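Quick note: numbers below take in every heavy atom, side chains included, and nothing from hydrogens, waters or symmetry partners. Lettering of chains follows the sequences in order, A, B, ..., and the numbering in each one begins at 1. Keep in mind it's a predicted model, so treat the numbers as computed, not measured.
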Amino acid sequence: MGTMAEHERDERDALRPFHRRFFQRDPRSVARELLGCWLWTETIEGLTGGVIVETEAYLAEGDSACHAARGETRGNRAMFGPSGHAYVYVIHARHCFNIVTEGIGIGSAVLIRALEPRWGCSLMEQRRGRTNAKELTSGPARLCEALGITRDHDGRDLLAPGTTDLGLAKPPSHQRLELGPILSTPRIGVTSAHELEYRYVLAGSRYLSRSLTAKPRKQ
DNA sequence: TATAGGATTTGCT
DNA sequence: GCAAATCCTATAA
């Protein structure tokens, strides 16, 4: 009793799991409501994870920046699968993690862009090759590296414990992060649909992938 | 099989 | 602030 590992386990035992219905909705609603929720992986190496502080929604209709916009391919197949499953893609030799929304055949998802580190910081430091807490999980590819998320997780059901080392849940009410205001901004890095403000952030977080005051980079 | 480009990150200036 | 590094994926031949 009282070890860090046991404390972490107790914490997560009190978690409130998601129901499939939560993901069978407009990705903009899901993206907003995932802020403050907990994401983790538990592998042979250990437990790593944190609190979601930044997300982006990608819509099936009228969103040219969405990977599903040009139809289903081998790479984005998971996006057209059931909601609540992982969609992991590779870009610039790095992985990015999404959660599929709505339902089969639709093609929408929420990209997880940043976490506030919370569990397994030493393992995350090891995987990332750096110790600055702000650089561990503040970016879609950074958090995948820190949590050990790869294409191997593509298509995994997040709502089927025991079939995956990925975990996602609402925190117990007494453990909620002070949310602060939720702001929406244009999405980062997209080469089209700049006008759609489907990036959602906890405005007070120190762990965003891009500060709210930073000038948008050339895209 | 070859080629171009991307929902990124990093280091250097 | 800027540009290089990085490698998988889609597309065309």
Side-chain angles (χ1 to χ4, degrees), chain A residues 23 26-32 34-35 39 48 50 52-81 83 85-102 106-117 124-155 158 183-201 206-219:
Chain A
F23 300 101
D26 188 310
R28 290 168 292 194
S29 306
V30 177
R32 214 171 240 284
L34 280 175
L35 295 176
L39 175 69
T48 49
I52 298 171
V53 296
E54 177 177 340
T55 58
E56 282 177 358
Y58 287 86
L59 276 56
E61 298 293 332
D63 183 359
S64 57
C66 180
H67 286 175
R70 293 188 188 181
E72 185 173 342
T73 64
R74 194 171 100 260
N76 68 15
R77 183 172 44 89
M79 224 182 167
F80 290 87
S83 68
H85 289 230
Y87 164 47
V88 181
Y89 66 87
V90 180
I91 186 165
H92 294 285
R94 291 150 207 275
H95 298 279
C96 293
F97 171 74
N98 301 251
I99 303 168
V100 178
T101 54
E102 297 181 274
I106 304 294
S108 66
V110 173
L111 170 68
I112 308 300
R113 283 197 58 91
L115 307 177
E116 174 175 323
M124 292 197 286
E125 288 172 4
Q126 193 180 313
R127 286 174 175 157
R128 290 276 299 123
R130 52 194 63 226
T131 56
N132 182 346
K134 281 192 175 181
E135 297 179 348
L136 289 184
T137 53
S138 57
R142 288 175 171 181
L143 72 88
C144 282
E145 187 170 49
L147 272 58
I149 296 173
T150 69
R151 265 241 101 184
D152 188 50
H153 293 91
D154 187 53
L158 287 155
L183 296 185
S184 62
T185 80
R187 293 170 294 185
I188 304 291
V190 297
T191 54
S192 64
H194 304 281
E195 72 284 3
L196 302 179
E197 303 205 332
Y198 296 159
R199 174 186 178 228
Y200 304 94
V201 302
R206 302 169 55 236
Y207 298 96
L208 303 181
S209 68
R210 227 38 92 69
S211 89
L212 287 168
T213 54
K215 239 195 295 187
R217 293 217 313 211
K218 192 180 83 173
Q219 302 184 344

A:Glu125 and A:Leu136: CA distance, side-chain angles, deciding distance, side-chain contact (heavy atoms from CB on, under 4.5 Å) verdict = CA-CA 7 Å; A:Glu125 288 172 4; A:Leu136 289 184; 3.9 Å; yes
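- Summarising the geometry, the separation between NE2 on A:His95 and P on C:dT6 is reported as 15 Å, rounded to the nearest angstrom.
- The two residues A:Phe97 and A:Ala86 come nearest to each other via the heavy atoms CE1-CB, 3.6 Å.
- The CD1-P distance, from A:Ile188 to B:dA7, rounds to 13 Å in whole Å.
- One interatomic measurement links the two molecules: NE2 of A:His194 to P of B:dG6, which rounds to 11 Å at whole-angstrom precision.
- Nucleotide B:dT10 holds its P atom 4 Å from the CZ atom of A:Arg142, rounded to whole Å.
- Here A:Ala141 lies in heavy-atom contact (under 4.0 Å) with sugar-phosphate atoms only.
- Here the OG1 atom belonging to A:Thr150 is positioned 15.0 Å from the CZ atom belonging to A:Arg94, to the nearest 0.5 angstrom.
- Where stacking is scored as ring centres under 5.5 Å apart with planes under 30°, A:His92 does not register as stacked on the base of C:dA5.
- The CD1 atom of A:Ile99 lies 6.5 Å from the CG atom of A:Leu39; values are rounded to the nearest 0.5 Å.
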List the protein contact pattern of nucleotides 8-13 of chain C with one symbol per nucleotide (5' to 3'): B for base contact, S for sugar-phosphate-only contact, - for none; contact means a heavy-atom distance under 4.0 Å.
-> SSS---
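- Using a 4.0 Å heavy-atom criterion, one finds that A:Arg130 contacts the sugar-phosphate atoms exclusively.
- A:His67 has its ring centre less than 6.0 Å from the ring centre of A:Tyr89.
- Put simply, CD on A:Glu145 is 11 Å from C1' on B:dT10, counting in whole angstrom units.
- Of all the heavy atoms in A:Gly50 and A:Leu115, the pair that sits closest is N-CD1, 4.0 Å.
- Going from atom CZ of A:Arg94 over to atom C1' of B:dG6 covers 13 Å, rounded to whole Å.
- Taking A:Arg28 as the reference, A:Asp26 meet the salt bridge (charged side-chain N to carboxylate O under 4.0 Å, His left out) condition, with sequence neighbours excluded.
- The aromatic ring of A:Tyr58 sits over the base of B:dA7, with ring centres less than 5.5 Å apart and planes inclined by under 30°.
- Between the CD atom of A:Glu197 and the C1' atom of B:dA7 there is a distance of 17 Å, rounded to whole Å.
- Using a distance-only test at 3.5 Å, with no hydrogens or angles considered, no donor-acceptor pair links the side chain of A:Asn98 to the main chain of A:Ser108.
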Treat a base pair as Watson-Crick or G-U wobble with both distances under 3.5 Å, then lay out DNA chain B in dot-bracket form, 5' to 3', with | for cross-strand pairs.
-> ||||||.|||||.
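- Between A:Leu143 atom CG and B:dA7 atom P there is a gap of 17 Å when expressed in whole angstrom units.
- For the salt bridge (Lys or Arg N to Asp or Glu O under 4.0 Å) with A:Glu56, the qualifying choice from A:Arg187, A:Arg210, A:Arg113 is A:Arg113, the only one to do so.
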